Amino acid sequence: MTEKTLRKGNEALAEGAIRAGARFFAGYPITPQNEVPEYMSAYMAEAGGAFVQAESEVAAINMVYGAASTGTRSMTSSSSPGISLKQEGITYLASADLPCLIVNVMRGGPGLGSISGSQGDYFQATRGGGNGDYHVIVLAPNSVEELGNFPKLGFELAEKYRMPCMILADGILGQMMESMSFHFDPIDPNKLGKFDWAVDIHKNGRKKNNVFSYKGDNLIADVVERAKRYGYIEKTEARWEEREAENCDVLLVAYGLSSRACLEAVNKAKEEGLKVGLFRPITLWPFPSKRLAELAAKAKAVLSVEQSLGQLVQDIKLAVNGKTPVYLNAYPAGGQPDGHSILTAVHSILNGGREGLFDLQEHAGDFAYECKRDTSLGMQGDLKGGK
Amino acid sequence: MPRIEVDANKCKACYLCVNACPKKCLGKSDTISKKGYFPAEMKHPENCIGCAMCYMMCPDIAITVIKD
Amino acid sequence: MTIIAKKPASLTDLPMHYCPGCGHGIVHRLMGETFDELKIADRVIGVAPVGCAVFADSYFACDMVQGAHGRGPAIATGIKRSKPEAIVFSYQGDGDLASIGMAEIVHAAVRSENITVIFINNAIYGMTGGQMAPTTLVGQVATTAPKGRDPKLQGWPINMCEMLAQITGAKYLERVAVDSPQHVMQAKKAIKKAFENQVNGVGFSMVEVLSQCPTNWYASVPQALEFVRTKMMPQYPLGVFKDEGGK
């Protein structure tokens with residue numbers, strides 16, 4: 001464990017990845033993750049690895065695909081719109097059973113969106129994101145310290161299960177500075193054993209290795225076989241954190257930065273004599289459903305506090321399975337929660353109010369929508385247009 | 001004397017070899033192969049000069065050129 | 001008994017799935033011979049494309065990676081940068097390299113990645129069934145250009161060697177064909193040089209091979225060869241477009 005130092009989230013992540021043995025990084029500039037490729041460009045070569053500023057996010061993830069094929073600890077980082085572009089490569093990595101680390105420093109969306117921190121990519125991250133039946137392991141840090149230490153965990157899980165692992169951070173976490181320490185000594189990847197599946201120089205006459213996306217014989221069998229691994233991961237690798245979560249009336253569920261605001265709400269509630277707890281999933285896939293169901297069964301209500309518009313709440317509902325009412329306190333598109341606004345939602349639940357609680361149907365109300373064309377402006381086929 | 005061997009299981013009867021042979025040694029077999037083709041075969045072994053042009057054009061690498 | 005010519009050891013024994021008369025097999029063989037002659041077989045890592053050559057990984061006896069459509073040069077970059085001692089090639093078709101993968105090929109050349117690219121230009125999308133390619137000739141009929149390629153609607157064919165020659169990082173560019181034994185011999189020289197360049201650390205090398213596609217040109221094999229000579233070569237002249245191997 002190193003001494004505590006003050007570090008910016010993105011830089012802690014980049015340094016943590018190099019310490020964890022990352023020796024290939026390809027990326028493309030996008031705010032708010034630029035410190036990651038900047039740090040890598042300065043220090044990766046020093047560590048004996050390669051940094052490439054790619055021509056696009058698509059190229060970057062495919063460079064990672066190539067580097068990961070050789071068994072090198074490889075990674076890329078980006079932010080939401082860039083991660084959308086990487087989905088082609090991510091589904092290929094999953095199909096070729098290649099381990100790698102992908103970092104998403106989320107920003108507001110959809111589309112170009114904003115550069116504020118957000119959690120709008122929850123569905124994309126936890127459901128695979130690209131085409132086909134696959135998953136990536138998703139780790140959700142909530143501090144600069146975790147950002148710096150999760151790359152090691154990410155590489156280890158990715159390599160253990162031969163699949164991509166994603167660190168799902170957000171713009172604020174990436175940009176903020178905190179005191180942090182690394183909990184592990186730098187890893188020399190040359191001292192790690194070689195993978196028997198990797199493509200490499202082979203002078204000893206071993207049989208050829210192919211890294212396939214489509215194996216060309218039985219896709220159904222491959223996908224079903226891979227799903228066994230997914231099931232095993234769901235059973236064994238779920239990670240979470242609990243605060244006052246046993247015997248609370250309202251159980252807050254939040255990951256990443258919004259879980260920090262929830263802690264503030266938990267403490268404020270205590271001062272008010274309210275029993276509010278926090279359940280923080282650390283792995284978003286696998287989602288810690290089993291433990292959440294146990295805790296939710298003892299609570300009067302569950303509240304999803306998320307910087308998205310009804311994404312995390314769906315996994316909570318799947319876990320709770322209708323046994324406890326589940327509410328949503330949402331801060332989409334770059335909005336930020338604070339203890340006070342979360343507590344307002346808690347009060348609403350306990351007192352039967354609506355403030356701070358979001359429901360899509362209720363939100364729509366009597367809103368009516370009609371698509372209108374105006375013929376007075378001219379017709380589509382009218383070359384002159386207008387009147 | 002030079003000669004060639006055509007692997008009938010690899011030949012797809014494109015006859016690029018037949019066209020390439022400067023001595024017009026090669027032709028189409030009368031026997032259908034397992035693949036369902038009439039493979040190329042040596043018709044005039046006495047004319048073969050072992051130039052390997054047939055080998056050079058064969059996209060299925062079905063031809064071996066040998067000098068006894 | 002002496003063997004004058006036989007299947008190179010750098011290729012597997014698997015029969016190839018390509019259509020009768022297709023040029024892919026010839027190019028595979030030239031590459032296999034090159035690996036044997038340069039004695040690099042145990043350090044070659046290849047990238048197979050999406051397209052007709054999607055199963056190329058089973059024909060080369062070396063380690064192979066199968067990549068996404070157009071991304072070969074990016075994947076090869078990742079491999080080469082991770083394993084600089086490896087000899088890395090990207091094998092691509094015209095839709096793959098000149099359409100969806102345009103950014104990847106251009107920037108691999110810009111960075112002068114020390115890789116070898118083998119570019120098969122048959123002026124059509126083969127695997128998907130004969131759609132118009134970026135290299136389809138003006139007037140050439142394709143399933144998505146049923147009246148023939150019309151420059152007013154679909155623009156003109158793209159000449160990759162000429163285009164990449166403008167890029168400083170591109171060190172060796174040659175266009176060859178496999179329509180005749182003479183041209184096959186020239187193609188072999190070019191392919192061998194493109195790999196020798198990599199061994200010598202020259203930088204980005206690409207060989208464009210004009211190849212016949214009898215199936216999707218709706219042509220007999222002799223007609224297809226004729227098409228390569230009389231239609232493709234005027235648009236895509238053979239020759240060396242850049243050779244800075246010695247510099």
Side-chain angles (χ1 to χ4, degrees), chain A residues 23-26 28 44-45 48-74 76 86-93 95-96 98 100 130 189 197-217, chain C residues 9-12 14 17 35 39-50 54-90 100-111 113 115:
Chain A
R23 289 298 179 269
F24 183 84
F25 180 97
Y28 185 84
M44 185 56 105
F51 163 84
V52 185
Q53 177 166 335
E55 57 271 30
S56 68
E57 283 90 349
V58 178
I61 191 74
N62 280 286
M63 288 172 188
V64 168
Y65 181 93
S69 300
T70 68
T72 304
R73 285 198 164 170
S74 314
T76 184
K86 288 186 199 291
Q87 293 302 333
E88 171 195 85
I90 297 173
T91 178
Y92 265 76
L93 284 152
S95 69
L98 290 175
C100 70
W197 48 261
V199 297
D200 202 349
I201 295 148
H202 53 292
K203 301 247 180 225
N204 53 1
R206 71 148 159 79
K207 72 168 186 36
K208 90 192 213 89
N209 275 345
N210 281 348
V211 171
F212 291 105
S213 176
Y214 172 56
K215 281 141 187 103
D217 36 26
Chain C
S10 291
L11 297 179
T12 64
L14 206 67
H17 72 285
F35 302 159
K39 298 189 168 57
I40 52 173
D42 53 3
R43 56 184 183 125
V44 175
I45 302 175
V47 182
V50 168
V54 68
F55 298 123
D57 47 38
S58 31
Y59 307 139
F60 290 103
C62 57
D63 281 6
M64 292 287 293
V65 176
Q66 188 190 63
H69 199 29
R71 317 300 175 216
I75 296 165
T77 298
I79 298 170
K80 187 72 181 183
R81 297 284 186 115
S82 301
K83 299 279 169 192
E85 331 80 65
I87 300 298
V88 183
F89 73 84
S90 174
I100 193 167
M102 182 59 93
E104 283 76 10
I105 192 69
V106 167
H107 285 274
V110 167
R111 295 188 301 268
E113 292 295 340
I115 58 170

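Letters go in sequence order (proteins before strands), and every chain restarts at 1. Please read all numbers here as calculations on a predicted model, not as lab measurements.
At a 4.5 Å heavy-atom cutoff, the contact between A/Ala50 and chain C is made by side-chain atoms alone. Heavy atoms closer than 4.5 Å to chain C are found in both the backbone and the side chain of A/Ser213. At a 4.5 Å heavy-atom cutoff, A/Ala60 makes no contact with chain C through either its backbone or its side chain. For A/Ala59, the parts lying near chain C are the backbone and the side chain together; criterion is any non-hydrogen pair under 4.5 Å. Contact of A/Phe51 with chain C is made through the backbone alone, with heavy-atom distances under 4.5 Å.
Residues passing the ring pair (Phe, Tyr, Trp, His ring centres under 6.0 Å) test with A/Tyr28: none are found, sequence neighbours excluded. In this structure, the ring pair (Phe, Tyr, Trp, His ring centres under 6.0 Å) partners of C/Phe55, at least two apart in sequence or on a different chain, are C/His17.
Of the listed residues (A/Tyr92, A/Phe24, A/Tyr214), the one with the most heavy-atom contacts under 4.5 Å to chain C is A/Tyr92. Contact count against chain A (heavy-atom pairs under 4.5 Å) is highest for C/Cys62 among C/Cys62, C/Ser58, C/Ala76, C/Ala48. Counting heavy-atom pairs closer than 4.5 Å to chain A, the top-ranked of the candidates C/Glu85, C/Glu104, C/Arg43 is C/Glu104. Looking only at heavy-atom pairs under 4.5 Å with chain A, the residue among C/Thr77, C/Val44, C/Ile45 that has the most is C/Ile45.
In this structure a side-chain-to-backbone donor-acceptor pair under 3.5 Å is present from C/Asp63 to A/Asp200. Without hydrogens or angle criteria, C/Lys83 side chain to A/Thr72 main chain gives no donor-acceptor distance under 3.5 Å.
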